[in-house]
K.L.:
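Handing you this structure, nothing more for now.
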Amino acid sequence: MARCRVTEIVRSTWTGGTALTADSEQLALAVHESRDGAFERLVARFETSLFNYANRLLQSPLDAQEVVQDAFVRAHHALTSQYDGRRVRELALKPWLFRIARNLSLNRRRGHNHDLERPLSEFDDGRIGPLVPAISVTGIVEAREERDALERAIESLPDDARELIVLRFMEEMSYQEIAKCTGQTESALRGRVFRSLKLLRAALSEGEAQSCNAETC
């Protein structure tokens, strides 16, 4: 019988990550100096990523859209009215924007009396098995059924695990950037990302087994 399998989406990305880019810093400065079209370029560059991130946290496209709009309003006010040139030059723009969106999302979730899922630490009980190689969403195959399986697996994760998967592997943020976004230390993040990957791998395996049973593999 054919072996049903969600194609491996792993590649080794345990260390390192994308560096903070000078281009982003220049874009922040351009907005600060009110250059023509600068804020529009900032929105165009980050709108989709921020929406996807907020939607993962809130699991509500409407709420995510409102969060992103509010985030850009706050970012524009800070860059043009609150921050001086020196602070803008030192700003890590991407994690700063994601931190704004994160805070707004968490506030909105609390405001909706969202039933928070159990924290990631409660899932790390040793039953999942040994540490596995880091996996990256960038290796997802194009087949729709496999993308759908990955989406279902990510949605099944606890909130904090899902957030780390999105930031590290979908947004390809470095640990330095994630630390700026979430306020956690880089060393703590590495362990939390590793545990999140274990959960994702387990969820994918469970989904694969269910699919096999359904198809009598």
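Both backbone and side-chain heavy atoms feed into the values below; hydrogens, waters and symmetry mates do not.
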K.L.:
Do the side chains of Leu29 and Arg35 get nearer than 4.5 Å, heavy atoms only?
P.N.:
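Yes. Closest side-chain heavy atoms under 4.5 Å.
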
K.L.:
Strictly distance-based, threshold 3.5 Å: is any side-chain N or O of His32 a donor or acceptor partner for the main-chain N or O of Leu79?
P.N.:
yes

K.L.:
Is there a donor-acceptor pair under 3.5 Å between the side chain of Gln59 and the backbone N or O of Arg56?
P.N.:
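Looks like no, no N/O pair under 3.5 Å.
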
K.L.:
Can Arg109 and Asp159 be counted as an ion pair, charged N to O under 4.0 angstrom?
P.N.:
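Looking at Arg109 and Asp159, the cut-off is met.
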
K.L.:
Any sub-3.5 Å donor-acceptor pair from Asn55's side-chain atoms to Ser60's backbone N or O?
P.N.:
yes

K.L.:
Any chance CG of Asp36 has more than 12 other-residue heavy atoms, nucleotides or ligands included, within less than 6.0 Å?
P.N.:
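Not more than 12 within 6.0 Å, no.
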
K.L.:
Any pair with a residue in residues 54-91 that passes ring pair (Phe, Tyr, Trp, His ring centres under 6.0 Å), sequence neighbours left out, goes on the list, sorted by first then second residue, please.
P.N.:
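Every ring pair (Phe, Tyr, Trp, His ring centres under 6.0 Å) pair that includes a residue of residues 54-91, provided the two are not neighbours, is Phe39-His76, Tyr83-Trp96.
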
K.L.:
Would you find a donor on one side and an acceptor on the other, under 3.5 Å apart, between the side chain of Ser156 and the backbone of Ala153?
P.N.:
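At least one qualifying donor-acceptor pair exists.
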
K.L.:
I'd like to know if the side chain of Asn107 and the backbone of Asn103 have a donor-acceptor N/O pair within less than 3.5 Å.
P.N.:
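Pair found, side chain donor or acceptor close to backbone of Asn103.
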
K.L.:
Would you say Phe98 and Glu171 make side-chain contact, with heavy atoms under 4.5 Å?
P.N.:
yes

K.L.:
Can you check whether Arg162 reaches Leu57 side chain to side chain, under 4.5 Å on heavy atoms?
P.N.:
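They are not in contact (no side-chain heavy atoms under 4.5 Å apart), so the answer is no.
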
K.L.:
Mind checking whether Arg108 and Leu104 have side chains closer than 4.5 Å, heavy atoms only?
P.N.:
no

K.L.:
Looking at Glu90 and Arg86, is any side-chain nitrogen of the basic one under 4.0 Å from a carboxylate oxygen of the acidic one?
P.N.:
yes

K.L.:
Check whether any side-chain heavy atom of Ser196 sits under 4.5 Å from a side-chain heavy atom of Phe169, and report yes or no.
P.N.:
no

K.L.:
Taking atom CZ of Arg195 and atom CG of Leu157, what is their separation to the nearest 0.5 Å?
P.N.:
13.5 Å

K.L.:
Between the main-chain N or O of Pro95 and the side-chain N or O of Arg99, is there a donor-acceptor pair closer than 3.5 Å?
P.N.:
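The answer is no, because no donor-acceptor pair under 3.5 Å joins these two groups.
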
K.L.:
Please say whether the positively charged group of Arg102, taken as NZ for Lys or CZ for Arg, lies over the ring of Tyr53, i.e. under 6.0 angstrom from the six-membered ring centre and within 45 degrees of the axis.
P.N.:
no

K.L.:
With heavy-atom distances below 4.5 Å as the criterion, would you say the side chains of Ile178 and Gln184 are in contact?
P.N.:
no

